[in-house]
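One structure is given here, and the rest of the page talks about it.
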Amino acid sequence: MAELTEQEQIRRNSLAELRNLGINPYPAALYDVTAKSADILERFPREPEAFTHVSVAGRIMSRRIMGAASFVELQDDCGRIQLYVKRDEICPGEDKTLYNTVFKRLLDIGDIIGVEGFVFVTQMGETSIHVTKLTVLSKSLRPLPIVKEKDGVVYDAFNDPEQRYRMRYVDLIVNPQVREVFVQRAKIVNTMRDYFNEQGYLEVDTPVLQSIPGGAAARPFITHHNALDIDLYLRIANELYLKRLIVGGYAGVYEFSRNFRNEGMDRTHNPEFTCMEIYVAYKDYHWMMTFVETMLARIANTLHGTTKVSVWGNEIDFKAPFRRVPMCQLIKEMTGYDVEGMDEAQLRDTCKALGVETDSTMGKGKLIDAIFGEKCEHTLIQPTFVTDYPIEMSPLCKRHRDNPNLTERFELFVCGKELANAYSELNDPIDQLERFQEQLRLSEKGDDEAMFIDMDFVRALEFGMPPTSGMGIGIDRLVMMMTGAQSIQDVLLFPQMKPLTMSGDNNEGDDLSQHGVDENWIPVLAKAGIKNYEQLKAANPNKLFNDLGGLRKKMKLEIPALRREVFDAWLG
RNA sequence: GACUAAGUAGCUCAGCAGGUAGAGCACAUCCCUUUUAAGGAUGGGGUCCUGGGUUCGAAUCCCAGCUUAGUCACCA
């Protein structure tokens, strides 16, 4: 057990005192909440009669104690409201313990209480609850960061990213704007779900554990299934499964899919992330562009009441229609080079001329993509559909109806970032197999992201898939844009962090106890600087044995003196 | 993976010409019986991220490591 800080010890003492007074600091019974802070603040001025008796519950966020009367800021799920706690009101009789001892001394910032009372307006003009009854609902044993705010200026903000992400619960308690982001995230997802359901598309779940990681070019995570004794991959995309379902006869299917990619992490990439993919039978990519425009405008309106959203310093207008421009035309616009119809050698020369780096594993598709990525992508600030990608970089996409070297594909760019990706889906099984085989050749050439061949998927196509349009959209990025978040970590509740070896934590010494070290001595060893078995073996045994004896006295421990043969047994 | 920066009290941060570790908030005790980040006084609280090195002496200088952030590479 880690040593407690003074403040933690004081709170534990308060906890014990509450129990001694017959107050359960963690009562089992439900607490009947009849009002919320936001509702009271909004409605009380208009309809005071509705609030002559309320009960609210929440966390104590600040206290101003002045003798026989106190003011408390109580935070519930939708905001804060001030409480007016008067001694003789909550303690009408002779016994003033509940106020003097329980409220003033044993309760702290961070504790969760329920109060009953009536709403009124203080002399300072603040709507408050005049408390007549106070119930302890949960005692908090750790001090919260104290964030204060006046006139929009925040004092002592809790803003260390590491602590915020590792202890998101604390972040959510003290930073209301963080809680709001995840409310918005849910709104975005629900808006999309409503939009799809209204049109009769079916929400489905497909496997996360896959034996062939298909549907995207990415490095997968590998895991192992014991009973089957096979390696499985965590999905990198769900595309191939959703298309099997279109083969199966659904008009439209969609899934909010948690995907996993074993790649770098940065401001816009987390190892697990959420994509929404949707596939609709008998549609093409032109239809899908309109579908996406409408969806995004609706999301922006739901969240902000307008299609104009401020994203990373740009005012983005999600009003449909968005610009639609073929990739090669855009490259021509930005660089002056017409890459359409160039062979691999010509593309390499063009890359060189433009100062775009290449390597030997890159085929035509990747070369064009490199030019696009370097010269065009960052210029696409307002929502723009880039269409008609070269065939080499789109192995699951139907050939363009007017040009066999291109595909019917679009990507949507906003603020220079890819937001969505969509195709007229390839449903020619023979063409699909050839494209997979081309991927295999790329893989042999050294492209470690080239796709695997999924023969069952090819078989599904052989049964016949209707013409279909499919679209994938990165939910995390979408939420970032819609909420103005700078980092993907700000739109994920628990972004991936490197685990810490928590020193002083309970697990410490596990490794020692496994080697037969007496539990009582593990804290003493820790004091002597020995935290694992390796360090124990490495220490000078004579010196350590003596030190342990000394520390036992120094720490005033009630355990028997350590015998040398016991000590030697630890060392094996 | 590379480079740069940061890591000091529960939180936010000073301190870095090397010489006993500081402030505000929070906490405790007392005074005041009063409201709007902060009433007054007093006090407690620290493995200055970890481990080495230089030095009589290291929070401070040097090296290595850990974690985080930013940029780059890869990717959505």
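Naming convention: chains lettered A, B, ... in sequence-line order (proteins, then strands); numbering from 1 in each chain.
Nucleotides B/U8 and B/A14 have their P atoms positioned 10 Å apart, rounded to a whole Å. If you take atom C1' in B/G7 and the same atom in B/C16, they sit 15 Å apart, rounded to whole Å. Comparing the C1' positions of B/A59 and B/C13 gives an interatomic distance of 15 Å, to the nearest angstrom. Going from the C1' atom of B/G22 to that of B/G15 covers 7 Å, rounded to whole Å. B/A58 sits 34 Å from B/U42 when the P atoms are compared, rounded to a whole Å. Taking atom C1' on both B/C11 and B/G45, the two are 14 Å apart, rounded to the nearest angstrom. If you take atom P in B/A17 and the same atom in B/G39, they sit 36 Å apart, rounded to whole Å. Atom C1' of B/C48 sits at a distance of 16 Å from the matching atom of B/C61, rounded to the whole Å.
B/G10 and B/C25 make up a base pair, with Watson-Crick or G-U wobble contacts both under 3.5 Å. With a cut-off of 3.5 Å on both pairing distances, B/U20 has no Watson-Crick or G-U wobble partner at all. Nucleotide B/A59: unpaired (no Watson-Crick or G-U wobble partner with both distances less than 3.5 Å). Across all strands shown, B/U35 forms no Watson-Crick or G-U wobble pair with both distances under 3.5 Å. In a base pair of the Watson-Crick type (N1 to N3 plus N6-O4 or O6-N4) or a G-U wobble (N1-O2 and O6-N3), with each distance short of 3.5 Å, B/G1 is matched with B/C72. In this entry B/G45 has no Watson-Crick or G-U wobble partner, no candidate having both defining distances under 3.5 Å. The pairing partner recorded for B/C30 is B/G40, the criterion being a Watson-Crick or G-U wobble arrangement whose two distances lie under 3.5 angstrom.
Under the side-chain contact (heavy atoms from CB on, under 4.5 Å) criterion, A/Y155 pairs with A/K148, A/K150, A/V153, sequence neighbours left out.
Residue-level contact check: A/A69 touches neither bases nor backbone, having no heavy atom under 4.0 Å from any strand. Contact annotation for A/G474: no contact, since no heavy-atom pair falls under 4.0 Å across all strands. Among the protein residues, A/K366 comes within range of the sugar-phosphate backbone only, with heavy atoms under 4.0 Å from sugar or phosphate atoms but none that close to a base. Heavy atoms of A/R87 sit nowhere under 4.0 angstrom from any nucleic acid atom.
At a threshold of 4.5 Å between non-hydrogen side-chain atoms, the residues A/Y389 and A/F410 do not count as touching. In this structure, the side chains of A/E73 and A/R59 stay at 4.5 Å or more apart for every pair of heavy atoms. In this structure, A/R168 and A/V178 have side chains that are in contact, with non-hydrogen atoms separated by less than 4.5 Å.
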| remark: Given protein heavy atoms under 4.0 Å, the one-letter contact record of nucleotides 23-29 of chain B, with B base, S sugar-phosphate only and - none, is simply -BSBSSS

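Between the CD atom of A/E73 and the C1' atom of B/A38 there is a distance of 13 Å, given to the nearest Å. Computed from coordinates, the A/Q496 CD to B/A69 P distance equals 12 Å when rounded to whole Å. Atom CG of A/D266 is separated from atom P of B/C3 by 18 Å (rounded to the nearest Å). We find that CG of A/N259 is positioned 11 Å from P of B/A76, with the value rounded to whole Å. The nearest whole Å value for the distance from the CZ atom in A/R164 to the C1' atom in B/G7 is 17 Å. A/I65 places its CD1 atom 15 Å from the C1' atom of B/C31, with the value rounded to the nearest Å. Distance, A/Q489 CD to B/G70 P: 7 Å, rounded to whole Å. Residue A/D160 contributes atom CG, which lies 14 Å from atom P of B/G10 at whole-angstrom precision.
A donor and an acceptor atom, one from each side chain of A/Q7 and A/R12, are nowhere located under 3.5 Å apart. A/R409 and A/S394 form a side-chain donor-acceptor contact under 3.5 Å, judged by distance and modelled atom types alone. Using modelled atom types and a 3.5 Å distance limit, the side chains of A/S70 and A/R63 yield no donor-acceptor pair. Checking A/D388 against A/Y285 by side-chain atom types alone, a donor-acceptor pair falls below 3.5 Å. Between the side chains of A/Y99 and A/D88, no donor N or O sits under 3.5 Å from an acceptor N or O.
When the nucleotides B/U68, B/U36, B/A76 are ranked by their closest atom to the side chain of A/R166, B/U68 comes out on top. Of all nucleotides listed (B/C13, B/U36, B/A76), B/U36 comes nearest to the side chain of A/T122. Distance from the side chain of A/E162 is smallest to B/U67 among B/A69, B/A73, B/U67. Listed nucleotides B/A69, B/U12, B/U35 differ in distance to A/F158; the shortest reach to its side chain belongs to B/U12. For A/Y165, taking side-chain heavy atoms from C-beta onward, the closest of the listed nucleotides B/A69, B/A37, B/C74 is B/A69. Closest approach to the A/F71 side chain among B/U35, B/A37, B/U36 is made by B/U35 (side chain taken as heavy atoms from C-beta onward). Side-chain proximity of A/P145 to B/U68, B/C11, B/A38: nearest is B/C11.
For B/C11, one of the phosphate oxygens OP1 or OP2 lies less than 4.0 angstrom from a side-chain nitrogen or oxygen of A/Q163. Distances shorter than 4.0 Å separate none of the side-chain N or O atoms of A/Q9 from OP1 or OP2 on B/G44.
Residue order along RNA chain B, read from the 5' end via each residue's closest nucleotide, puts A/M497 first among A/L419 and A/M497. Between A/E263 and A/Q486, the residue whose closest nucleotide on RNA chain B is further toward the 5' end is A/Q486.
The aromatic ring of A/Y155 does not sit over the base of B/A38, since the test of centres under 5.5 Å and planes under 30° is not met.
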| task | Test A/F120 against A/Y84 for ring pair (Phe, Tyr, Trp, His ring centres under 6.0 Å), laying out the working first. | result | CA-CA 9 Å; A/F120 74 115; A/Y84 175 69; 5.8 Å; yes

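A distance of 10.5 Å separates CD1 in A/I475 from CD in A/E277, rounded to the nearest 0.5 Å.
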